**Q** 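The structure under discussion is supplied below as structure tokens; questions concerning it will follow.
So you know, we letter chains A, B, ... as the sequences are listed, proteins then strands, and number each from 1. Treat the numbers as computed from the prediction; the structure is a model and nothing was measured. Excluded from the calculations below are hydrogen atoms, water molecules and symmetry mates; all remaining heavy atoms, backbone and side chain alike, are included.
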Number of protein chains: 2
Amino acid sequence: MNRLKAKKLIQVALVEDDPLLRANLAAMLNSSEGFHCQAAYADGPAALRGIRASRPDVVLMDINLPGMPGTDCVRQLKELAPHLPVLMLTVYDDSKQIFKSLMSGATGYLLKRTSRDKLLEAILEVHAGGAPMSRQVARQVVQFFQKADEMPVTTRNASVVVNLTEREKEVLAVLAKGYAYKEIADQLKISFETVRTHLRTIYEKLHVHSRTEAVLKYHGHEGGR
Amino acid sequence: MNRLKAKKLIQVALVEDDPLLRANLAAMLNSSEGFHCQAAYADGPAALRGIRASRPDVVLMDINLPGMPGTDCVRQLKELAPHLPVLMLTVYDDSKQIFKSLMSGATGYLLKRTSRDKLLEAILEVHAGGAPMSRQVARQVVQFFQKADEMPVTTRNASVVVNLTEREKEVLAVLAKGYAYKEIADQLKISFETVRTHLRTIYEKLHVHSRTEAVLKYHGHEGGR
DNA sequence: GGCGGACTCCCCTGAATGTGGTATGGTGCC
DNA sequence: GGCACCATACCACATTCAGGGGAGTCCGCC
């Protein structure tokens, strides 16, 4: 992707603790027409000190920083430079993190596996007043609204649990109280193996791969990951 | 923008009351490689009837429909085809409309002045599982989160969790989202073994003996056993 | 009668988890 | 300095869980 219109370089500041990734990102920016990596910081406090003085156009921030969480760093950054756009980078498209970041003041939210071109595009966009989000992130955000709407009524046994048979629901209900397989078997007066068979089909139907995920869905804490 | 990869046409259904715009959009789709305008409806009821039978891949819907508001139409569409992605089109970048649409089940939200290329891109994106939004819309959404100062997602790690150290709370928080030990280790940038050590003391403090029980306590579902 | 779906049970394998040790470095406090 | 507490990390062993087979009974439906 060429950006020939660049009349003035976009000054980018990086906050990323992994030295390799930091160097890569910096090199990538500096080798891209229209961009300049003005500074790169390894942790939150350093970034806050540096950015106060250097006033970049855009900040790229890892959400997983040692010491100070990226979200806290954003919050403080936003206090000293409210209009400075901050793009969060993360490997996880976990909804709690996303919302926490957005509420802290992040302007956009990208997954780390975003391609070079998409990343540059996002920097341009955020600089132009947009709010770029990776596909997965946007989807989470949209789902948040959709869930917020269902919330009043929706609780357990609703959307998620519908396609389960009666017996499967019973098994899931006991599972969701924290009982071990053999305890479930006792309670329902069936064998351990049968419990497992049910659980296998339950997992399939709920699209999960662990006990905890199933319990989360059952209790309505979706969107987790 | 070229989309040469199209192996199979994306079947698009239109819902737009303005005949001129409807015709233009249809023509635009049909003249674009990889897309096909399967049907075009002038109002909500017609769309609901038609889409029930024809099963398009993506729906493009005007938010201002005569008779039935686009938001209601989306809601009903979502009931009969929950996974059908719906892109809303509107002239207003008014936050109320946006949130109402998203809550009704719209998957993406575009302004009508969106360019042809952006529109096609958005259709591809929504078809691929994304949630495309126009720049202005994304910005509104982000601002919504920044204004909402309370957690949209539950954070009731109060009573039970008090005696845990900061780090332990962090570990528990990630555990409670369903991540495996090694994933927790990655996220917190500590070793697998350290995660296990933390979990051991967490279990001790919470008087539990399994992951699921800990998660239940964390989320406040104590009554269980 | 055959067929599919629900429910039941069993075997095996490999991965994840629970619990017992032990140990190092840092920090705060007396 | 000595002590307590925290965060980090590793080893080992037993148990539990997850996913892959297969298989028999009962019941409703075409």
**Q** Is there a donor-acceptor contact under 3.5 Å linking the side chains of B:His36 and B:Gln11?
**A** yes

**Q** Distance from A:Leu60 atom CG to A:Tyr41 atom OH, nearest 0.5 Å?
**A**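 Taking CG in A:Leu60 and OH in A:Tyr41, the distance rounds to 12.5 Å.
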
**Q** Could you tell me whether the side chain of B:Arg211 and the main chain of B:Leu175 form a donor-acceptor pair under 3.5 Å?
**A** yes

**Q** Tell me: OH of B:Tyr181 to C1' of D:dT16, nearest whole Å?
**A**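 Taking OH of B:Tyr181 and C1' of D:dT16, I get 11 Å after rounding.
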
**Q** At their closest point, which heavy atom of A:Arg116 faces which heavy atom of A:Ser31, and how far apart are they?
**A**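 The answer is NH1-OG, 3.9 Å.
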
**Q** In sequence, state the C-alpha distance, the side-chain angles, and the governing distance for A:Glu168 and A:Lys205, and then conclude on salt bridge (Lys or Arg N to Asp or Glu O under 4.0 Å).
**A** CA-CA 10 Å; A:Glu168 286 163 358; A:Lys205 289 182 180 178; 2.9 Å; yes

**Q** Nearest whole angstrom, please: distance from the C1' of D:dA9 to the CG of B:Leu199.
**A** 15 Å

**Q** With sugar-phosphate meaning primed atoms plus P, OP1 and OP2, does A:Tyr203 contact a base, only sugar-phosphate, or nothing at under 4.0 Å between heavy atoms?
**A** sugar-phosphate

**Q** What residues, two or more places apart in sequence or in another chain, satisfy salt bridge (Lys or Arg N to Asp or Glu O under 4.0 Å) together with B:Arg196?
**A**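 If we apply the salt bridge (Lys or Arg N to Asp or Glu O under 4.0 Å) test to B:Arg196, skipping adjacent residues, the hits are B:Glu193.
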
**Q** Which protein N or O atoms sit under 3.5 Å from an N or O of nucleotides 5-7 of chain C?
**A**
from  : atom 1 : to       : atom 2 : distance (Å)
C:dC7 : OP1    : A:Arg167 : N      : 3.4
C:dC7 : OP2    : A:Thr165 : OG1    : 2.3

**Q** Is a side-chain donor-acceptor pair under 3.5 Å present for A:Thr194 with A:Thr197?
**A**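 Note: A:Thr197 and A:Thr194 side chains miss the donor-acceptor criterion.
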
**Q** For the pair made of CD in A:Glu193 and C1' in C:dC10, what is the distance, rounded to whole Å?
**A**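 From A:Glu193 CD to C:dC10 C1': 6 Å.
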
**Q** Between A:His198 and A:Thr165, is a side-chain contact (heavy atoms from CB on, under 4.5 Å) present by the stated rule, with each step listed?
**A** CA-CA 10 Å; A:His198 283 310; A:Thr165 69; 5.6 Å; no

**Q** In this structure, how many angstroms lie between the P atom of D:dT15 and the NZ atom of A:Lys182, rounded?
**A**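 Interatomic distance, NZ of A:Lys182 to P of D:dT15: 8 Å.
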
**Q** Atom CG of B:Leu188 to atom P of D:dT8: distance rounded to whole Å?
**A** 8 Å

**Q** Round to a whole Å and report the spacing from CZ of B:Phe192 to P of C:dG18.
**A** 10 Å

**Q** Take atom NE2 of B:His207 and atom P of C:dG18, then tell me their distance rounded to the nearest Å.
**A** 17 Å

**Q** Could you tell me the separation between the CZ atom of B:Arg196 and the C1' atom of D:dC11, rounded to a whole number of Å?
**A** 10 Å

**Q** Taking all non-hydrogen atoms of both residues, which atom of A:His209 and which atom of A:Glu213 are closest, and how far apart?
**A**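 Smallest interatomic distance, heavy atoms only, reads N-OE1, 3.2 Å.
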
**Q** Determine, for nucleotides 21-28 of chain D in 5'-to-3' order, which nucleotides have protein heavy atoms under 4.0 Å from the base (write B), from only the sugar-phosphate (write S), or from neither (write -).
**A** B-------

**Q** Can you see if the side chain of B:Ser191 gets near the phosphate of D:dC10 - specifically, an N or O under 4.0 Å from OP1 or OP2?
**A**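 Yes, such a contact exists.
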
